[in-house]
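What follows is a short report on a single structure.
Note that the structure is predicted; figures quoted are calculated from it, not measured. Labels below follow one simple rule: chain letters A, B, ... track the order of the sequence lines, proteins then strands, and each chain is numbered from 1. Heavy-atom basis, side chains included; hydrogens, waters and symmetry copies ignored.
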Amino acid sequence: MKKIIIGLLCLSFTSVAQAVLKIDITEGFEGALPIAVVPFQWHGSRKLVNGDVSAIIASDLARSGKFSPVAEKDLIARPHKLADVHYKTWRIAGMDHIVIGSVTLQRDGTYQVEFRLIDILKAKQVLGYSFSATKDTIRTVAHQISDYVFTHITGMPGAFGTRIAYVTVKRSKKNSSSRLQVSDTDGYNPQTLLTSNEPIMSPAWSPNGAELAYVSFENGQAEIFTHNVRTGVRKSRAKYKGLNGSPAWSPDGKKLAITLSKDGNPDIYIVNLKDNKLKRLTNHWAIDTEAVWLPDGKSIIYTSSRSGKPQLYKQSIRANSRPERLTYEGGYNASASVSEDGKHVAYVHGEGNIYRVAVLELKTKSSRILTDGPLDESPEFAPNNSIILFASQERRKAVLAAVSVDGRQKQRLAFTDGEVREPSWAAVRH
Amino acid sequence: MKKIIFITALALSIVACGDRIKPDGAVDDGSFADDPNGGATAGGIDGAAGLGGTELEGGKLVSYEENAINDPNNVLSEKIVYFGFDSNAVGDDFVELVKHHGKYLSFNVNASVRLEGHADERGSREYNVALAESRAQAVKQLMLYEGAGNEQISVISYGEEKPAEFGHDEESMSLNRRVEIVYQ
């Protein structure tokens with residue numbers, strides 16, 4: 001049955017011409033919560049091809065790794081109203097929750113979207129909302145409903161309604177073109193923020209989801225920008241001699257940790273966004289780079305080659321603080337991403353020629369390898385702490401993929417054209 | 001792979017014929033390392049820099065005339081230095097090549113180069129940018145020892161963002177771990 005769900009999901013995505021990313025769920029859903037998302041009833045309109053609300057909700061929940069939605073053809077009933085729900089039947093079928101709803105075309109051409117989340121064991125409606133949507137916003141509304149359902153059942157914030165940023169590259173023998181793209185979290189509605197014949201790297205969302213920081217070589221050297229996604233206003237934040245890389249927003253959104261080599265070799269600095277003033281954090285002859293913040297804003301984790309090979313270190317941002325080494329296994333541990341609850345660090349673990357995503361539990365210092373490699377990189381936690389996005393190579397093509405923190409679920413977000421890399425998932429939609 | 005083997009052979013032949021090819025008598029002068037800038041000036045004025053050049057057994061000339069970098073028969077026509085995995089050490093096979101470029105700069109004070117550091121695709125992108133910069137810096141240091149001026153050399157690192165080869169095999173990756181010497 002699990003296999004069947006996968007097939008249906010693929011079908012519903014590939015049939016949409018507008019989609020750029022295609023989501024494939026490549027492994028099963030052991031331990032995921034059963035839920036039935038009953039196809040919504042459409043009044044006054046045929047189902048919108050790009051706005052099939054219930055299908056969007058089902059695929060969001062499946063992608064979260066926390067839910068296992070029932071395949072449409074395996075549904076035991078298709079109620080649209082609360083009065084039509086037979087709790088006992090659903091309970092026997094092993095369902096904890098069901099989602100029902102409708103979409104109604106209004107006279108002014110807008111759509112009214114209603115949904116109800118029903119707790120089968122409690123035998124009652126636990127959530128119910130009505131939204132107004134247009135053809136252009138109906139997917140966003142569907143993602144919002146996914147967030148409501150996810151948050152209510154898991155107690156964790158949903159992040160389906162936010163956005164992801166990533167870099168795509170189209171190459172030819174003579175030149176290459178890089179694009180900084182922003183899309184919905186399922187890959188729909190891709191928009192290009194920046195196009196350049198020179199590399200674009202390391203996009204990172206500000207904590208409020210309004211701005212992206214990134215590295216662009218468009219002016220003949222590495223330069224760090226912040227870019228307001230809505231207004232398009234962009235500011236240069238660092239253009240020093242040598243490296244300008246690895247921007248990471250502080251949790252309060254007021255500072256960036258960055259890597260500069262202006263004083264000789266790569267070290268970590270903090271730039272205050274109010275006045276672009278710098279504070280130096282590390283001072284070592286080895287490479288220090290890829291800083292990320294812990295949620296309390298008091299410490300960072302970064303990659304350093306001070307032991308001879310790249311390893312992860314944790315250090316307070318107070319002056320003259322000593323680094324604490326976090327990784328010891330293997331000769332290559334780099335590119336950390338901290339979960340929003342501060343409990344886990346995802347990173348690239350290299351052994352021999354195999355590079356895989358691993359996760360470290362900060363409290364116990366125990367680590368686990370999550371992916372198969374051989375060229376996995378750029379791991380980044382999704383805001384709900386349960387999924388790690390990463391870039392991977394498959395049959396000579398770069399793809400985005402996702403893995404759950406327990407390693408049990410893997411998904412591929414395949415890109416249809418060129419290379420895609422360096423995913424960053426916004427915590428909030430601005 | 002061919003390229004690497006070829007350069008290796010070339011570098012060996014230079015070493016082997018060391019006595020015969022010295023173009024200016026200043027090659028083994030230790031003062032270069034002690035005082036790079038002074039050494040560069042002295043070599044440029046006093047040395048019979050690259051006049052005529054001398055043909056090597058490998059068929060390449062060693063001379064530091066102004067247009068030598070554009071001469072496909074000159075040793076300076078090789079402008080790429082390759083590196084080992086996760087290493088910024090200029091290998092024995094390339095030390096002589098880098099030294100020749102350093103000397104060229106010392107004899108042609110108006111010439112300037114940009115050293116473009118690159119990495120293979122393995123591992124993290126930002127670490128690779130840092131690693132590739134350290135490769136370019138290692139090449140720069142060697143050039144400075146040969147008398148090149150600090151202001152003649154600029155460094156940029158692209159990490160793994162601009163591969164020379166697009167394959168994912170060991171050979172492609174070895175060709176991507178490089179510093180390109182680009183005369184401006």
Output for pair (Ser124(B) OG, Asn333(A) CG), nearest 0.5 Å, gives 10.5 Å

Which bit of Val129(B) is near chain A, if near means a heavy-atom gap under 4.5 Å: side chain, backbone, both or neither? both

Closest approach of Ile156(B) to Gly220(A) (non-hydrogen atoms, all atoms of both residues): CD1-O, 3.2 Å

If you count the non-hydrogen atoms of other residues, nucleotides and ligands that lie under 6.0 Å from CZ in Arg178(B), is the total more than 12? yes

Choice from Arg125(B), Arg122(B), Glu121(B), Glu133(B) maximising heavy atom contacts with chain A below 4.5 Å: Arg125(B)

Sequence neighbours excluded, the answer for side-chain hydrogen bond (donor to acceptor under 3.5 Å, both in side chains) partners of Thr226(A) is Arg237(A)

Toward chain B, the part of Thr303(A) with a non-hydrogen atom under 4.5 Å: side chain

Any donor-acceptor N/O pair, Tyr158(B) side chain to Glu198(A) backbone, under 3.5 Å: no

Should the heavy atoms of other residues, nucleotides or ligands under 6.0 Å from CD of Glu170(B) be counted, would the total exceed 12? yes

Using heavy-atom distances under 4.5 Å, tell me whether Glu161(B) contacts chain A through its side chain, its backbone, both, or neither. both

Go through the atoms of Asn128(B) and report whether side chain, backbone, both or neither lie under 4.5 Å from a heavy atom of chain A. side chain

CD (Gln221(A)) and OG (Ser157(B)) are apart, to the nearest 0.5 Å, by 12.0 Å

Taking only residues two or more places apart in sequence, or in another chain, which ones meet Arg280(A) in a salt bridge (Lys or Arg N to Asp or Glu O under 4.0 Å)? Asp263(A), Asp267(A)

Could you have a look at Ser202(A), Ser378(A), Ala391(A) and say which one has the most heavy-atom pairs with chain B under 4.5 angstrom? Ser202(A)

Should we count CD of Glu324(A) as having more than 12 external heavy atoms under 6.0 Å? yes

Within 6.0 angstrom of Lys241(A) NZ, more than 12 heavy atoms from elsewhere: no

Verify whether one side chain among Glu126(B) and Thr259(A) offers a donor that lies under 3.5 Å from an acceptor in the other. no

Under 4.5 Å between any side-chain heavy atoms of Arg171(A) and Pro163(B), yes or no? yes

Nearest heavy-atom neighbours spanning Thr289(A) and Tyr127(B): CG2-CA, 4.0 Å

Taking side chain as everything from C-beta outward and backbone as N, CA, C, O, which of these in Leu243(A) sits under 4.5 Å from a heavy atom of chain B? Side chain, backbone, both or neither. both

Output the distance between atom CG (Leu131(B)) and atom OG (Ser305(A)), rounded to the nearest 0.5 Å. 8.5 Å

Of all of Gly245(A), Ser335(A), Ala222(A), Ser246(A), which one pairs up most often with chain B through heavy atoms under 4.5 Å apart? Ser246(A)

Of the listed Ala334(A), Gly350(A), Pro266(A), Pro310(A), the one with the largest count of heavy-atom pairs under 4.5 Å with chain B is Pro310(A)

Closest-packed option against chain B by number of heavy-atom pairs under 4.5 Å, given Asn265(A), Asn353(A), Ile200(A), Val215(A): Asn353(A)

